[in-house]
Asker: 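Just dropping this structure here.
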Amino acid sequence: MHDSLDLSPDSLVVAGGRPERGRDASVNPPVVLSSTFLGTGPLGPGDRGYGRYANPSWEPFEEVLGQLEHAGEPALLFSSGLAAVSAALSLVPLGGTVVMPGHSYAGTVQMASELAEKGLFSLQLVDVTDTREVLAALHRESGPIDLLWLESPTNPMLGVAELPALLDAARSAGILTVVDNTFCTPLVQRPLLLGADLVLHSVTKYLAGHSDVVLGALVTSDAELRARLLHHRALHGAIAGPWEAWLALRGVRTLALRIERSQASAQLLAERLARHPAVERVRFPGLPSDPGHRRAKEQLDGFGSILCLQLAAAGGRSGAQNADSLVEALRLWVPATSLGGVESLIERRRRHLAEPESVPENLVRLSVGIESVEDLWEDLRQALDALPAAESSAG
Ligand code: PLP
């Protein structure tokens with residue numbers, strides 16, 4: 001990392017990962033379309049050599065993300081968030097034990113469950129908002145735990161884990177920790193500073209920010225751990241394309257502005273939605289009534305810009321039917337999965353067959369983008385007003 005300036009994250013996202021200054025040097029790094037690199041003699045870790053080992057197009061983004069997460073090491077880019085999940089789970093020894101929130105991103109839980117079914121490790125799913133339950137899982141008598149997986153706030157239930165306490169306990173017990181920081185980004189939460197070993201991102205979401213690439217990343221301060229993950233990436237081949245890496249860097253330039261705008265809009269929308277009679281419940285850590293509010297206030301710089309609604313049953317229709325009608329009646333909000341892009345996205349989560357049954361059928365996840373908040377509200381209001389008035393609070 002060549003930049004030793006002590007910059008705020010708002011400046012780092014703009015100034016990081018630039019080429020060295022010099023007359024007529026390009027302001028932006030080039031996209032390097034090369035599957036191989038010149039060389040003779042021994043080739044080992046740290047050498048570029050071949051396009052599966054390294055590509056100069058990955059490095060500027062890796063540098064910026066490493067700096068934003070306070071790693072002191074560049075991040076490692078992967079072909080998707082789930083490729084990064086797969087690399088992180090590869091650190092678990094055969095026959096080991098993983099503790100993971102049952103409400104982590106469904107793909108993460110599904111991958112861990114399938115690996116556990118094959119007998120690679122055993123998996124214990126926990127309610128990550130219940131600190132005592134997680135601590136009990138870490139200190140069980142039947143044998144040591146190898147990996148504590150954390151995601152906070154969780155996707156899609158927005159449960160907030162007591163990260164400092166959990167990371168502290170895992171560290172004292174010598175348990176490796178991974179925090180999926182996709183929802184917060186390093187502008188809102190910095191898990192390495194709280195004691196995490198590894199931070200994971202679906203770069204697809206806020207970091208790239210424009211719903212146009214699929215990428216993932218891992219970040220660690222531990223050079224030895226990074227070397228193991230680099231070896232895994234080179235050998236298993238889940239690498240980023242040079243164009244995608246460039247687009248992620250292009251996207252990260254506006255991260256601070258996007259987060260500032262979308263967080264402010266999410267707060268206002270959550271407050272208004274909580275007062276609408278068609279809404280049974282709003283899940284958003286920025287609301288003082290939310291169970292995760294106190295922790296989020298202590299741990300985060302802001303409350304993120306994902307919120308969830310549960311629609312009330314009304315007019316002889318279930319909450320889930322009303323949720324579908326809401327999504328279909330919107331004109332500005334985009335009915336699609338994913339999150340963290342400039343455009344506001346909405347979906348009823350249980351449309352995914354892999355989503356756990358503990359996610360309510362009437363739950364709709366909203367990813368607040370950067371449009372005018374009044375336009376976003378007006379669109380939601382007209383769609384909610386068209387729903388039958390709630391006669392009970394059952395979902
Ligand atoms: N982690 C979280 C919190 C996610 O929301 C997602 C995707 O939605 C992933 C990981 C997986 O990332 P990707 O879709 O880039 O593979």
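Remember, it's 1-based here, ligands and their atoms both numbered in the order they're listed.
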Asker: Any salt bridge linking Arg190 with Asp301? Criterion: basic side-chain nitrogen under 4.0 Å from a carboxylate oxygen.
Answerer: yes

Asker: Please give me the minimum heavy-atom distance between Leu192 and Val219, naming the atom from each residue.
Answerer: CD2-O, 4.1 Å

Asker: A quick test of your reading: do over 12 heavy atoms of other residues, nucleotides or ligands sit less than 6.0 Å from CZ of Arg253?
Answerer: yes

Asker: Does the separation of the ring centres of Phe303 and His293 fall below 6.0 angstrom?
Answerer: yes

Asker: Would you say Thr108 has any N or O atom under 3.5 Å from an N or O of ligand 1, going by distance alone?
Answerer: no

Asker: Starting from atom 12 (O) of ligand 1, find the nearest protein heavy-atom neighbour and note its residue, name and distance.
Answerer: Ser202 OG, 3.0 Å

Asker: Looking at Glu133 and Asp127, what are the two nearest heavy atoms and their distance?
Answerer: OE2-N, 3.1 Å

Asker: Do any nitrogen or oxygen atoms of Asp180 lie less than 3.5 angstrom from nitrogen or oxygen atoms of ligand 1?
Answerer: yes

Asker: Side chain, backbone, both or neither: which part of Val85 has a heavy atom under 4.0 Å from ligand 1?
Answerer: neither

Asker: Among all protein heavy atoms, pick the one closest to atom 4 (C) of ligand 1 and tell me residue, atom and distance.
Answerer: Tyr105 CG, 3.6 Å

Asker: What protein heavy atom lies closest to atom 5 (O) of ligand 1? Include the residue and the distance to one decimal.
Answerer: Asn155 ND2, 3.0 Å

Asker: Between Arg350 and Glu355, does any NZ, NE, NH1 or NH2 come within less than 4.0 Å of an OD or OE carboxylate oxygen?
Answerer: no

Asker: Within the structure, is a non-hydrogen atom of Leu215 found at a distance of less than 4.0 Å from ligand 1?
Answerer: yes

Asker: Check this for me, if you would: do Arg331 and Glu378 make a salt bridge, where the nitrogen-to-carboxylate-oxygen distance has to be below 4.0 angstrom?
Answerer: no

Asker: So is His201 close enough to ligand 1, meaning a heavy atom under 4.0 angstrom away?
Answerer: no

Asker: Could you name the option among Thr204, Asn181, Val203 that has the heavy atom nearest to atom 15 (O) of ligand 1?
Answerer: Thr204

Asker: Would you check the N or O atoms of Gly81, main chain and side chain alike, for any that come under 3.5 Å of an N or O of ligand 1?
Answerer: yes

